[in-house]
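In the text below, chain A, chain B and the rest are named by the order of the sequence lines, each starting its count at 1.
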There are 2 protein chains.
Amino acid sequence: MNEVNHISFFEVASKVLKALGHPERLRIVEYLQTGERNVGEIQREIGLSQPITSQHLRYMQRHNILTSRREGTRLYYFLASDLIRKLLECMHSCKLSLDSGDMQVGDIFPETKRSI
Amino acid sequence: MNEVNHISFFEVASKVLKALGHPERLRIVEYLQTGERNVGEIQREIGLSQPITSQHLRYMQRHNILTSRREGTRLYYFLASDLIRKLLECMHSCKLSLDSGDMQVGDIFPETKRSI
DNA sequence: CATCAATATAGCGTTTTCGCTATATATGTC
DNA sequence: GACATATATAGCGAAAACGCTATATTGATG
């Protein structure tokens with residue numbers, strides 16, 4: 001069991017992780033935790049060019065991280081699944097651990113010496 | 001704050017996610033949750049060729065997912081940080097949610113129709 | 001239908017990832 | 001030092017990711 005059409009959990013999960021494995025995309029996705037936003041809003045918030053913003057959003061939509069909803073000329077993107085939401089919560093709790101000093105950057109990137 | 005030598009949390013986290021974003025590497029890393037293993041053990045467990053196994057392990061070591069310890073002619077690899085462990089726990093809990101049917105594959109991969 | 005604003009796509013060069021085969025290195029043993 | 005076992009690396013071609021510029025599409029409005 002644990003397979004659907006020969007797609008294992010590992011295949012699914014790794015695709016999601018890979019798609020989130022980009023600093024700007026992670027920023028975008030964390031921003032979208034607060035609710036849906038249109039491309040322009042995301043672009044301004046993250047500070048990317050229009051094409052790059054659109055490309056990242058399309059990429060994440062293709063990889064089932066995001067979904068979109070059109071409203072007139074605007075396209076609103078939002079988180080596509082509970083897996084994504086759970087993952088982000090987890091990242092956030094890791095971030096808090098790092099902030100609180102329970103965890104050191106050195107635990108993750110030994111070459112840096114101070115805590116995040 | 002929240003920056004160390006201009007390396008933000010997003011940079012660190014996205015590198016980790018990217019490095020975990022590969023089905024075989026995810027398998028390896030989940031296997032290593034049970035404790036350290038040497039290359040041969042990992043190779044046999046996951047069912048990869050020797051060079052590929054070694055390459056994935058080195059890759060993950062370079063990306064601060066794993067560390068290693070030599071014992072004679074054997075090299076033992078193990079999880080490098082608490083962030084990794086936390087992330088895996090999270091993935092595992094997501095996996096359980098999927099298994100229990102609370103979540104559907106369709107939530108993640110709409111083209112598939114049954115639950116994982 | 002002309003035009004504008006919002007968003008997407010094409011095309012391109014560079015870099016990284018990937019899996020593979022062949023070969024090298026390191027360690028232990030005789 | 002010869003040899004065996006365990007592991008790593010080199011080198012290669014194919015594919016994908018990346019950021020960029022230029023251009024196209026879509027929808028609303030006059």
Side-chain angles (χ1 to χ4, degrees), chain A residues 6-8 10-29 31-32 36-78 80 109, chain B residues 7-8 10-29 31-32 35-78 80 109:
Chain A
H6 301 111
I7 301 175
S8 73
F10 293 105
E11 315 276 346
V12 175
S14 65
K15 282 191 190 187
V16 170
L17 291 173
K18 185 175 187 178
L20 288 177
H22 186 290
E24 314 299 356
R25 287 202 291 264
L26 207 50
R27 274 193 188 93
I28 291 174
V29 136
Y31 179 46
L32 292 181
E36 62 171 20
R37 306 280 180 214
N38 64 50
V39 182
E41 290 171 326
I42 296 167
Q43 177 187 346
R44 263 168 270 126
E45 171 73 16
I46 312 293
L48 298 172
S49 75
Q50 184 272 316
I52 290 284
T53 307
S54 175
Q55 279 166 28
H56 281 315
L57 293 170
R58 291 320 243 182
Y59 181 94
M60 288 195 278
Q61 180 154 283
R62 251 182 291 128
H63 289 74
N64 304 289
I65 308 288
L66 303 180
T67 317
S68 59
R69 178 179 71 79
R70 180 172 287 280
E71 199 175 305
T73 176
R74 306 252 164 88
L75 246 193
Y76 286 83
Y77 283 90
F78 51 97
F109 278 82
Chain B
I7 301 176
S8 73
F10 293 104
E11 315 276 345
V12 175
S14 65
K15 281 190 190 186
V16 170
L17 291 173
K18 185 175 187 179
L20 288 178
H22 186 290
E24 314 299 355
R25 287 201 290 264
L26 206 50
R27 272 192 189 93
I28 291 174
V29 135
Y31 178 46
L32 293 182
E36 61 171 21
R37 305 282 179 212
N38 65 50
V39 181
E41 290 171 325
I42 296 167
Q43 176 188 346
R44 262 169 270 127
E45 171 75 16
I46 313 292
L48 298 171
S49 74
Q50 184 270 316
I52 290 284
T53 307
S54 176
Q55 278 165 30
H56 281 314
L57 293 170
R58 290 320 240 181
Y59 180 95
M60 288 195 277
Q61 179 154 284
R62 251 182 291 126
H63 288 75
N64 304 289
I65 308 288
L66 303 180
T67 317
S68 59
R69 178 179 72 81
R70 179 172 287 279
E71 198 174 304
T73 176
R74 306 251 164 89
L75 246 193
Y76 287 83
Y77 282 90
F78 51 97
F109 279 84

Report the distance from atom [atom1] of [X] to atom [atom2] of [N], rounded to the nearest whole Å.
X	N	atom1	atom2	value
B:Ile28	C:dG19	CD1	P	11 Å
A:Ile52	C:dA8	CD1	P	13 Å
B:Leu26	C:dC18	CG	P	13 Å
B:Leu57	C:dC18	CG	P	14 Å
B:Tyr59	D:dA10	OH	P	17 Å
B:Asn38	D:dT7	CG	C1'	10 Å
A:Arg62	D:dC18	CZ	P	10 Å
B:Lys15	D:dA17	NZ	C1'	16 Å

**Prompt:** Pick from B:Val29, B:Ile52, B:Thr53, B:Leu48: which one makes a side-chain contact (heavy atoms from CB on, under 4.5 Å) with B:Glu24?
**Reply:**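 It is B:Leu48, the one option of B:Val29, B:Ile52, B:Thr53, B:Leu48 that forms the side-chain contact (heavy atoms from CB on, under 4.5 Å) with B:Glu24.
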Considering just the side-chain nitrogens and oxygens of [X], establish if one lies under 4.0 Å of OP1 or OP2 belonging to [N].
X	N	answer
B:Arg70	D:dA6	no
A:His56	D:dC18	no
B:Arg74	C:dG28	no
B:Arg58	D:dT9	yes
A:Tyr77	C:dA8	yes
B:His22	C:dG19	yes

**Carboxylate-amine/guanidinium proximity below 4.0 Å for B:Glu45 and B:Arg37** =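 Result for this pair is no, no salt bridge flagged.
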**Prompt:** Touch check for A:Leu75, heavy atoms < 4.0 angstrom, all strands: base, sugar-phosphate only, or nothing?
**Reply:**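 It contacts sugar-phosphate atoms only.
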**Request:** Among the candidates C:dA6, D:dT26, D:dT7, find the nucleotide nearest to the side-chain atoms of A:Thr73.
**Result:**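 So the side chain of A:Thr73 is nearest to C:dA6.
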**Item:** Polar side-chain contact A:Gln55-C:dA8 base: donor and acceptor under 3.5 Å
**Value:**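 Side chain to base: no pair below 3.5 Å.
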**Message:** Is it the case that the base of D:dA8 and the side chain of B:Gln50 share a donor-acceptor contact (distance under 3.5 Å, atom types as modelled)?
**Reply:**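 Result: at least one qualifying N/O pair found.
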**Message:** Both B:Gly72 and A:Arg44 contact DNA chain C. Which one's nearest nucleotide lies toward the 5' end?
**Reply:**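 Upstream on the strand: A:Arg44.
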**Asked** Would you find a donor on one side and an acceptor on the other, under 3.5 Å apart, between the side chain of A:Glu41 and the backbone of A:Asn38?
**Response**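 Answer holds: yes.
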**Item:** Test item: B:Arg25 side-chain N/O and B:Ala19 main-chain N/O as donor-acceptor pair under 3.5 Å
**Value:**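 Present.
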**Prompt:** Taking the nucleotide of DNA chain D with the closest heavy atom to each, which residue, A:Lys18 or B:Gln43, is nearer the 5' end?
**Reply:**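 Residue closer to the 5' terminus by nearest nucleotide: B:Gln43.
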**Prompt:** For A:Tyr77, which of A:Arg69, A:His56, A:Arg58 qualifies under side-chain hydrogen bond (donor to acceptor under 3.5 Å, both in side chains)?
**Reply:**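 With A:Tyr77 as partner, A:Arg69, A:His56, A:Arg58 yield a single side-chain hydrogen bond (donor to acceptor under 3.5 Å, both in side chains), made by A:Arg58.
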